[in-house]
2 protein chains.
Amino acid sequence: DLAPVSGVALDASQSQIAIRHVPDRPGMAAQIFQLLASEGISVDMIIQSQRRRVVAGQTCRDIAFSVAEADLGRACDLLEASRTVIGWERLDVTEKIAKVSAVGKGMVGCPGVAAKMFAALADRGINIQTIVTSQIKISCAVDRDRGVEALQAIHDAFGLSERYQATSRE
Amino acid sequence: DLAPVSGVALDASQSQIAIRHVPDRPGMAAQIFQLLASEGISVDMIIQSQRRRVVAGQTCRDIAFSVAEADLGRACDLLEASRTVIGWERLDVTEKIAKVSAVGKGMVGCPGVAAKMFAALADRGINIQTIVTSQIKISCAVDRDRGVEALQAIHDAFGLSERYQATSRE
Ligand SMILES: C[C@@H](O)[C@H](N)C(=O)O
Ligand SMILES: C[C@@H](O)[C@H](N)C(=O)O
């Protein structure tokens with residue numbers, strides 16, 4: 001099936017954690033995610049943009065990721081305990097997000113699919129909080145209370161047939 | 001093939017553009033990517049983290065993405081022409097990145113795969129510039145001149161057999 005978008009999905013059970021000002025040197029990301037993995041916490045949508053900031057002479061970057069809302073407390077506790085070891089500055093938490101995604105093998109090299117998905121959300125006045133894409137999948141985080149509407153908007157924009165059942169886990 | 005990682009890939013022909021301080025209201029992301037799509041410019045790895053900044057009373061977010069290096073000039077020209085219409089502040093360009101990826105259907109819900117990939121890069125002293133993940137794929141941008149070494153490090157870390165030929169396009 002080489003349609004640009006063959007399916008849409010909604011996961012309305014995630015939270016997002018952003019770790020501000022992680023020292024930008026090799027090994028920091030590995031330590032953070034080894035810590036979470038060692039406690040069996042699965043992470044989704046890891047986002048580190050290339051923006052750097054210098055804080056007290058140290059170059060830093062922010063690393064954000066999503067977890068199941070049920071794991072949020074445990075993840076924050078683990079990270080807090082690692083604060084001095086790793087040297088990050090603070091955690092910003094968004095407790096309730098809705099992750100909406102469009103997937104399709106046909107979207108590779110097909111400019112315009114992401115724009116169409118973003119426009120479908122814009123037309124309903126839904127603000128995009130985060131974006132993360134791969135070559136065959138586009139995911140956005142939006143307000144939890146707009147999740148179902150966002151899914152419907154994307155579903156309609158790509159003309160998916162009524163038969164399609166959106167799953168909550170991609 | 002449900003191995004956590006069944007393949008690795010390197011794309012050493014991309015550039016990265018970060019658009020700083022895009023007004024955080026519905027429609028902005030759609031306009032930016034419609035503009036690029038209308039000129040046939042394919043984008044990869046769109047990254048928008050949830051970090052917001054207030055600039056002159058307007059809440060803004062940064063949006064970064066990668067393009068083929070061959071499209072960099074055209075993409076920047078198009079964006080520059082849209083600056084007042086959309087209202088973003090500045091472009092930060094990284095002309096030469098190497099995107100290394102690990103893919104595998106088995107990584108869903110398998111904590112530790114991302115940590116292992118990040119550790120493989122850390123062990124070689126390779127700094128991670130950006131990270132973007134989906135449930136079955138993890139991609140990092142590193143220095144272009146460390147791309148092949150990064151690919152080798154990840155390939156070895158996941159014990160992929162010699163038979164595997166890394167493609168430059170996933
Ligand atoms: C910030 C973090 O990603 C760091 N650059 C690392 O390589 O681990
Ligand atoms: C910043 C941009 O993503 C904006 N929030 C939008 O929805 O388009």
Side-chain angles (χ1 to χ4, degrees), chain A residues 16 18 20 24-30 32-51 61-65 92 94 101 108-116 118-119 121-135 137-139 141 169-170, chain B residues 16 18 20 24-30 32-51 62-65 92 94 101 108-116 118-135 137-139 141 169-170:
Chain A
Q16 207 157 36
R20 298 278 173 243
D24 183 29
R25 46 172 197 273
M28 294 294 103
I32 289 168
F33 291 101
Q34 278 164 346
L35 181 68
L36 295 165
S38 68
E39 295 286 327
I41 295 177
S42 275
V43 299
D44 191 11
M45 292 205 295
I46 302 173
I47 301 175
Q48 177 190 311
S49 84
Q50 97 289 22
R51 178 152 188 152
R61 295 184 208 249
D62 295 343
I63 301 181
F65 58 92
D92 285 354
T94 313
S101 308
V108 178
C110 173
V113 175
K116 194 168 172 180
F118 302 153
L121 297 174
D123 291 349
R124 305 240 181 148
I126 297 173
N127 198 43
I128 301 169
Q129 293 178 5
T130 62
I131 303 170
V132 65
T133 71
S134 71
Q135 293 196 327
K137 182 171 176 180
I138 305 163
S139 294
R169 295 291 304 163
E170 288 102 285
Chain B
Q16 205 159 34
R20 298 278 173 242
D24 183 30
R25 45 173 197 272
M28 295 293 101
I32 289 167
F33 293 101
Q34 278 164 344
L35 179 69
L36 294 163
S38 68
E39 295 286 325
I41 294 176
S42 275
V43 299
D44 190 11
M45 293 204 296
I46 302 173
I47 301 174
Q48 176 190 311
S49 84
Q50 95 291 21
R51 176 145 191 160
D62 295 343
I63 301 181
F65 58 92
D92 284 356
T94 313
S101 308
V108 178
C110 170
V113 175
K116 196 168 169 182
F118 302 154
L121 297 174
D123 290 347
R124 306 239 181 148
I126 298 174
N127 197 43
I128 302 169
Q129 293 178 4
T130 63
I131 305 169
V132 65
T133 72
S134 71
Q135 292 194 327
K137 183 173 176 180
I138 305 164
S139 295
R169 296 293 299 166
E170 288 100 284

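Only this structure's heavy atoms are used, side chains among them; waters, hydrogens and symmetry mates stay out. Every chain is numbered from 1, with letters handed out A, B, ... down the list of sequences.
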Measure distances from B:I126 to the heavy atoms of chain A and classify the residue's part below 4.5 Å as side chain, backbone, both or neither. backbone

To check you understand the geometry: which heavy-atom pair defines the closest contact between B:S42 and A:C110, and what is its length? OG-N, 4.1 Å

Under a 4.5 Å cutoff for heavy-atom pairs, which residue among B:G112, B:A114, B:G27, B:A29 has the most contacts with chain A? B:A29

Based on non-hydrogen pairs under 4.5 Å, which of B:A122, B:A115, B:G125 is most in contact with chain A? B:A115

Please classify the contact between B:A64 and chain A as side chain, backbone, both or neither, with a heavy-atom cut-off of under 4.5 Å. side chain

So for B:V43, is it side chain, backbone, both, or neither that comes closer than 4.5 Å to the heavy atoms of chain A? neither

Chain A contact via B:E39 - side chain, backbone, both or neither, heavy atoms under 4.5 Å: neither

Which residue out of A:N127, A:D92, A:I47 racks up the most heavy-atom pairs below 4.5 Å with chain B? A:N127

Rounded to the nearest 0.5 Å, what separates atom CD in A:Q135 from atom OG in B:S139? 8.0 Å

B:R51 portion near chain A, given a 4.5 angstrom heavy-atom threshold: both

Contact part of A:T94 toward chain B, heavy-atom cut-off under 4.5 Å: side chain, backbone, both or neither? side chain

Euclidean distance, A:Q48 CD relative to B:I128 CD1, rounded to 0.5 Å: 6.5 Å

Contact part of A:D62 toward chain B, heavy-atom cut-off under 4.5 Å: side chain, backbone, both or neither? side chain

Name the region of A:Q16, side chain, backbone, both or neither, that has any atom closer than 4.5 Å to a heavy atom of chain B. side chain

Whether the side chain of A:T133 engages the backbone of B:I46 through a donor-acceptor N/O pair (distance < 3.5 Å, no angle test) should be reported. yes

Ranking A:I63, A:T130, A:I138 by heavy-atom pairs under 4.5 Å to chain B gives rank one to A:T130

Working for side chain to side chain contact (heavy atoms under 4.5 Å, CB included), residues B:I131 and A:R61: CA-CA 11 Å; B:I131 305 169; A:R61 295 184 208 249; over 6 Å; no

If one checks every heavy atom of B:D123 against chain A at 4.5 Å, the contacting part turns out to be neither

Shortest non-hydrogen contact from A:I41 toward B:P111: O-CB, 3.7 Å

